[in-house]
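This report refers to the structure that appears directly beneath it.
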Amino acid sequence: MPELPEVETIRRDLSAGLIGRKIVGVTVNWPKMVQIPSPEAFKQRLTGQTISALDRRGKYLIFQLDSGEVLIIHLRMSGSLLLVRDAEADRYARAVFVLDDDSRLVFRDTRKLGVMWLVEDAEAVVGKLGPEPLDDAFTTRDFAGRLRRHKAPIKAVLLDQSAIAGIGNMYADESLFAAGIHPRRRACDLSNDEIQRLFSGLRRVLKQAIECCGASVSDYRRPGGARGTAQSAFRVAHQKGKPCPQCGTPIERIVIRQRGTCFCPRCQPEDKR
DNA sequence: CCCGGAACCTGAAGGC
DNA sequence: TGCCTTCAGGTTCCGG
């Protein structure tokens with residue numbers, strides 16, 4: 001599942017091949033994917049535009065266009081973006097952007113959950129997101145202030161995109177393990193020391209995953225088709241039943257807010273101390 | 001405001 | 001072997 005490290009990897013991989021390229025053709029095979037505007041207007045307004053920059057906000061990719069408009073893509077569960085040179089048939093290609101150097105950007109998405117927008121102002125789509133966890137402006141104090149407002153389980157707050165942007169199920173579990181915090185602890189009950197550990201653990205986990213070019217657990221592929229390797233460093237995510245790398249206790253899996261949650265019952269005790 | 005649950009989707013995995 | 005059910009989880013929406 002593409003989370004912040006996967007989307008950041010896609011952004012970096014695509015930048016060199018996309019910036020400065022003109023979009024000369026657009027095909028949409030799954031119209032429901034286009035949120036704004038209508039699929040017809042989407043194709044028409046996009047054609048002829050040059051991509052001037054590629055940004056990321058949370059799990060959203062933002063293509064800056066020379067008209068001042070932005071193309072925004074969210075890959076959701078199973079989406080990937082592939083930059084290819086041939087027009088090979090792919091039953092899961094939901095949209096294809098043909099570029100002026102004859103390359104093609106293919107939006108591939110088995111489950112059809114991915115979405116796109118073409119808008120004048122990116123804030124209309126990403127305006128409600130919380131801070132970027134890797135931003136220099138994001139501090140422990142800021143983090144603490146946000147956690148204090150939530151009585152919900154810390155796992156749920158980490159997944160709340162309006163609280164902090166870009167964290168999904170895998171990296172939420174990894175961050176909580178890194179900090180030694182039980183995922184069901186209430187966010188507002190965490191001590192300053194725990195918040196500090198979670199803050200640094202979260203940033204370390206995300207940075208390391210970016211260095212590994214993301215985690216290929218299911219559909220995720222880099223734009224050239226390669227896999228990421230971050231999944232091989234997972235300590236608890238998707239590790240149910242395996243021994244904890246720190247203490248050997250079997251990793252448990254519970255459900256919090258309808259999300260599978262993996263943790264070590266010994267390294268992440270429910271009652272602190 | 002908060003929470004649970006369903007919806008959107010389909011391939012993979014599990015049960016019998 | 002094969003059919004049927006359940007699961008996976010990012011986001012939004014609806015009802016209590």
Side-chain angles (χ1 to χ4, degrees), chain A residues 1-11 28-36 39 56-62 72-81 90-95 107-117 119 122-130 132-133 146-176 183-189 206 209 214-221 227-228 230-231 234 236-242 251-263:
Chain A
M1 326 298 152
E3 305 181 25
L4 187 155
E6 289 73 32
V7 179
E8 176 61 18
T9 299
I10 292 168
R11 188 193 71 78
V28 175
N29 301 319
W30 180 249
K32 287 174 75 173
M33 175 179 67
V34 182
Q35 306 291 295
I36 296 176
R56 179 191 58 74
R57 181 80 171 86
K59 303 173 192 170
Y60 296 76
L61 269 175
I62 304 177
I72 304 182
I73 297 183
H74 195 300
L75 300 168
R76 292 276 180 93
M77 303 289 297
S78 59
S80 55
L81 285 168
D90 180 349
R91 60 181 291 214
Y92 300 116
R94 308 302 180 195
F107 183 11
R108 187 175 198 278
D109 185 13
T110 56
R111 292 176 61 182
K112 298 178 176 174
L113 296 170
V115 279
M116 333 184 150
W117 299 258
V119 293
E123 287 301 295
V125 178
V126 300
K128 292 193 173 130
L129 292 178
E132 283 294 320
R146 287 171 174 274
L147 295 188
R148 234 178 278 125
R149 290 186 240 150
H150 294 274
K151 285 197 287 189
I154 181 61
K155 167 70 184 270
V157 177
L158 290 177
L159 294 180
D160 179 349
Q161 302 300 298
S162 69
I164 318 151
I167 301 166
N169 211 31
M170 304 182 295
Y171 297 112
D173 285 359
E174 287 300 308
S175 303
L176 288 168
R184 248 200 288 261
R185 294 276 309 285
R186 298 203 307 181
C188 60
D189 287 347
L206 293 176
S216 286
V217 293
S218 54
D219 297 85
Y220 169 73
R221 292 293 182 281
R227 294 166 162 273
Q231 69 281 4
F234 282 169
V236 291
H238 298 101
Q239 306 298 309
K240 179 193 173 189
K242 296 185 185 163
I251 300 302
E252 283 184 18
R253 184 181 184 278
I254 58 177
V255 175
I256 297 177
R257 293 277 232 281
Q258 307 180 88
R259 296 296 164 74
T261 300
C262 295
F263 71 107

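So that the names make sense, note that chain A is the first sequence line, chain B the second, and so on, each numbered from 1. Basis for what follows: all heavy atoms, side chains included, without hydrogens, waters or symmetry-related copies.
Heavy-atom nearest nucleotides on DNA chain B were determined for A:Pro153 and for A:Lys112, and the one closer to the 5' end corresponds to A:Pro153. In terms of position along DNA chain B, the nucleotide closest to A:Arg76 lies nearer the 5' end than the nucleotide closest to the other residue of the pair A:Arg76 and A:Tyr92. Positionally, the nearest nucleotide of DNA chain C for A:Leu113 lies more toward the 5' end than for the other of A:Val125 and A:Leu113.
The pairing partner recorded for B:dC9 is none, the criterion being a Watson-Crick or G-U wobble arrangement whose two distances lie under 3.5 angstrom.
Ring geometry, A:Tyr60 versus A:Trp117: the interplanar angle falls from 30° to 60°, so the pair is classed tilted.
Protein atom CD1 of A:Ile36 is 12 Å distant from nucleotide atom P of C:dT12, rounded to whole Å. In this structure, A:His238 places its NE2 atom 8 Å from C1' of C:dA8, rounding to the nearest Å. Here C:dG9 presents its P atom at 12 Å from CD1 of A:Ile256, a figure rounded to the nearest Å. One interatomic measurement links the two molecules: CE of A:Met1 to P of C:dC7, which rounds to 15 Å at whole-angstrom precision. One interatomic measurement links the two molecules: NZ of A:Lys59 to P of C:dG9, which rounds to 12 Å at whole-angstrom precision. Atom P of nucleotide B:dC3 and atom CZ of A:Arg186 are separated by 10 Å, given to the nearest angstrom. Atom OH in A:Tyr220 sits about 21 Å away from atom C1' in B:dA12, given to the nearest Å. Taking atom NZ on A:Lys240 and atom C1' on C:dC7, their separation rounds to 12 Å, with Å as the unit.
Across all strands shown, A:Arg94 has no heavy atoms under 4.0 Å from either base or sugar-phosphate atoms. At the heavy-atom level, A:Gln258 lies under 4.0 Å from base atoms of the strands shown.
To the nearest whole angstrom, the two P atoms, one in B:dG14 and one in C:dG9, are 14 Å apart. Between B:dC9 and C:dC14, the distance separating the two P atoms is 16 Å to the nearest Å. Using atom C1' as the reference point in both C:dT6 and B:dA6, the two lie 16 Å apart (nearest Å).
Distance from the side chain of A:Arg91 is smallest for B:dG11 among the nucleotides B:dG11, C:dG9, C:dG10. Here the nucleotide nearest the side chain of A:Asn169, chosen from C:dT12, B:dC9, C:dG10, is C:dG10. Closest to the A:Lys32 side chain, of the nucleotides B:dG11, C:dG9, B:dC9, is B:dC9.
To the nearest 0.5 angstrom, A:Asp160 atom CG is 10.0 Å from A:Ile167 atom CD1.
The pair A:Lys151-A:Asp189 does not count as a salt bridge, with every side-chain nitrogen at least 4.0 angstrom from each carboxylate oxygen.
Inter-residue side-chain proximity for A:Tyr220 and A:Leu75 is flagged as unmet; no heavy-atom pair is nearer than 4.5 Å.
Side-chain N or O atoms of A:Arg108 include none that pairs as donor or acceptor with a backbone N or O of A:Arg91 at under 3.5 Å.
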Quick one, A:Phe263 with A:Lys155, criterion side-chain contact (heavy atoms from CB on, under 4.5 Å). Give me CA distance, side-chain angles, the key distance, then yes/no.
CA-CA 11 Å; A:Phe263 71 107; A:Lys155 167 70 184 270; over 6 Å; no
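At B:dC3, one or more side-chain N or O atoms of A:Arg257 fall inside 4.0 Å of OP1 or OP2 (strictly under the cut-off). OP1 or OP2 of C:dA8 has at least one side-chain nitrogen or oxygen of A:Arg253 nearer than 4.0 Å. Contact between the side-chain N/O atoms of A:Tyr60 and the OP1/OP2 oxygens of C:dG10 is not found at any separation under 4.0 Å.
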